[in-house]
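What you are looking at is a predicted structure, and each value in this text was computed from that prediction instead of being measured. Side chains included, hydrogens not; waters and symmetry mates left out as well; all remaining heavy atoms used. Here, residue 1 is the first one in the sequence, and each next residue gets the next number.
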Amino acid sequence: MKKNIKIFIYNGDITEGIIDSQVLSYLDFLKGIDHNLIFINFISIKTFAQKYRLIKNKQKYMKEKKIFNFCFLALNQMKISGKVLSLYYSLSIGFVFLLLNLLGYNIILHSRGIWSTLFCTYVKKISYRCKLIFDMRADSVSEYKFLYPSMTSNAISHIERVQKKCVLESDICLMVSNALKKNIFHRYGDIDKTYIIPSIGRSDIFSYDSNIRECVRDKLGLSDKFVIGYSGSMHSWQRVDKAFELFEIVQSFRNDAVLLILTKDIEKAHELYGKNANSIIMSIEYEDLGRYVQCFDLGVLLRDKILLNKVSSPTKFSEYILCGVPVFVSTGIGDLEDIVTNMKLGVCVENFDDRSEFEREIKKFLITLFNRNLIAEFGKYYFCREAYINIYNDIYS
């Protein structure tokens, strides 16, 4: 009987905050589905040298979880992207896949992002019995345009071609929203094998328990407070400035309002928002994050109306609702507007730059009674990984 070897491939810095919530926790989940799991990470020599100790700590964590992991070094990947990058990786480890084939293994390549997937399309050409899953977390073209506004039109066109190749040459495409699927189909044509799996949270970390909620709120001195909560980085695209503005508006309506920020960017958060006497800024380990998110009475999720956000699925949303937190979100974020409105999970604001509209929707939120138990139950049905176990079994069969 042939065995499957599952290889999860990631091209990027494994010391970033996104790794805990979206990659390592994902690997932990996949490990439960199939014990034959290998993690391969591509990283630049420069990053490896600068963050050697942090990288080793992440690798130690994976070893404890019994996830075999390998770190492959390359030059600056932005400078050798495309075929050179892919051929470099293919020559580096392609022989491993050939050996596994000769030993009778079927290889399932689960690749996150376009550069890892581009590499995998080359591996497929030299390795038979190989299935490629493209885990498409975002539209890479709009992502690069946003992150690198000075990129030339030729570079953007190249990224578009790479993404198209990844989509068309993969056996399965995983997409985080119907909005992303619709956009990709419009650009590249209909794709036969696609699944919608939103950015989803760990139900063992994020859940709702009224006793734990009250215990932590009491510990923080928030028992009689209305807590506006934000969890995440201080990057400008997160629009934390608008979260703080929302907090100030709520403060003008009720004097028991408190802003609770959970972030790893402690210094920046204190610099920007620490002067307000009614703000609490904390850095919480990922495994304990859910206990503190439960303290929120309102979870903030605001984004600008750009393509990058229109096709997205923020992990923050799933973590909020798994904890039974009603959300205040802006429209134009993936599929969230319909979900939030139809399931009564919170309130959506169309234009948060319009002060009168912003205040009107905040007032609407404050007078609405939300059922935290029902919000958490909905989260468990649609926004935790266990909810998609049948799809994963189908993908890895």
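- Proximity of a side-chain donor or acceptor of Arg372 to a complementary backbone N or O of Gln294 within less than 3.5 Å is detected.
- Among residue pairs with one or both ends in residues 246-262, those qualifying as salt bridge (charged side-chain N to carboxylate O under 4.0 Å, His left out) are Arg254-Asp256; sequence neighbours excluded.
- Both Met282 and Phe244 belong to a common hydrophobic cluster when Ile, Leu, Val, Met, Phe, Trp and Tyr are linked at side-chain heavy-atom distances under 4.5 angstrom.
- Screening residues 200-211 for salt bridge (charged side-chain N to carboxylate O under 4.0 Å, His left out), with sequence neighbours left out, gives Asp28-Arg202, Arg202-Asp204.
- By the side-chain contact (heavy atoms from CB on, under 4.5 Å) test, Ile389 pairs with Phe29, Ile33, Asn393, sequence neighbours left out.
- Identified under the salt bridge (charged side-chain N to carboxylate O under 4.0 Å, His left out) test for residues 310-336, with sequence neighbours left out: none.
- Tyr273 meets the side-chain hydrogen bond (donor to acceptor under 3.5 Å, both in side chains) test with no other residue; sequence neighbours excluded.
- Residue-environment remark: CZ (Phe68) stays at or below the threshold of 12 foreign heavy atoms within 6.0 Å.
- For Arg360, the side-chain contact (heavy atoms from CB on, under 4.5 Å) partners are Glu357, not counting sequence neighbours.
- Residues satisfying the salt bridge (Lys or Arg N to Asp or Glu O under 4.0 Å) criterion with Arg112, sequence neighbours excluded, are absent altogether.
- Remark: Lys364 pairs with Val347, Glu361, Thr368 by the side-chain contact (heavy atoms from CB on, under 4.5 Å) rule, at least two apart or across chains.
- Not counting sequence neighbours, the partners of Ser111 by the side-chain hydrogen bond (donor to acceptor under 3.5 Å, both in side chains) test are Thr117.
- Listed by first then second residue, pairs satisfying ring pair (Phe, Tyr, Trp, His ring centres under 6.0 Å) with a partner in residues 201-231 read Phe206-Tyr286, not counting sequence neighbours.
- Tyr188 places no side-chain N or O within 3.5 Å of a backbone atom of Gln163 that could act as its donor or acceptor partner.
- Side-chain N or O atoms of Arg217 include none that pairs as donor or acceptor with a backbone N or O of Asp224 at under 3.5 Å.
- Of the inter-residue distances, the one linking Thr194 atom OG1 with Phe134 atom CZ reads 13.0 Å to the nearest 0.5 angstrom.
- Counting only N and O atoms by type, the side chains of Ser25 and Arg385 include a donor and acceptor under 3.5 Å apart.
- Applying the salt bridge (charged side-chain N to carboxylate O under 4.0 Å, His left out) definition to pairs two or more places apart or across chains, those involving residues 265-292 are Lys264-Glu285.
- By the 4.0 Å N-to-carboxylate-O rule, Lys145 lies too far from Asp139 to be salt-bridged with it.
- To the nearest 0.5 angstrom, Asn69 atom CG is 11.0 Å from Ile55 atom CD1.
- Between Leu302 and Val329, the shortest heavy-atom distance links the atoms CD2-C, 4.0 Å.
- Ring-centre distance between Tyr148 and Tyr144: below the 6.0 Å cut-off.
- Between the side chains of Asn183 and Arg187, at least one donor-acceptor pair of N or O atoms lies under 3.5 Å.
- Using a distance-only test at 3.5 Å, with no hydrogens or angles considered, a donor-acceptor pair links the side chain of Asp297 to the main chain of Val227.
- For the pair Arg355 and Glu359, the salt-bridge criterion is met [side-chain N within less than 4.0 Å of a carboxylate O].
- Within a 6.0 Å radius of NZ in Lys344, other residues, nucleotides and ligands contribute 12 heavy atoms or fewer.
- Taking Ser203 as the reference, Glu386 meet the side-chain hydrogen bond (donor to acceptor under 3.5 Å, both in side chains) condition, with sequence neighbours excluded.
- Atom NE2 in His110 sits 3.5 Å away from atom CG in Asp135 (nearest 0.5 Å).
- Once rounded to the nearest 0.5 Å, the distance linking CD1 of Ile9 with SG of Cys120 reads 3.5 Å.
- Cluster annotation: Ile266 and Leu262 are assigned to the same hydrophobic cluster (Ile/Leu/Val/Met/Phe/Trp/Tyr, side-chain heavy-atom contacts under 4.5 Å, transitive).
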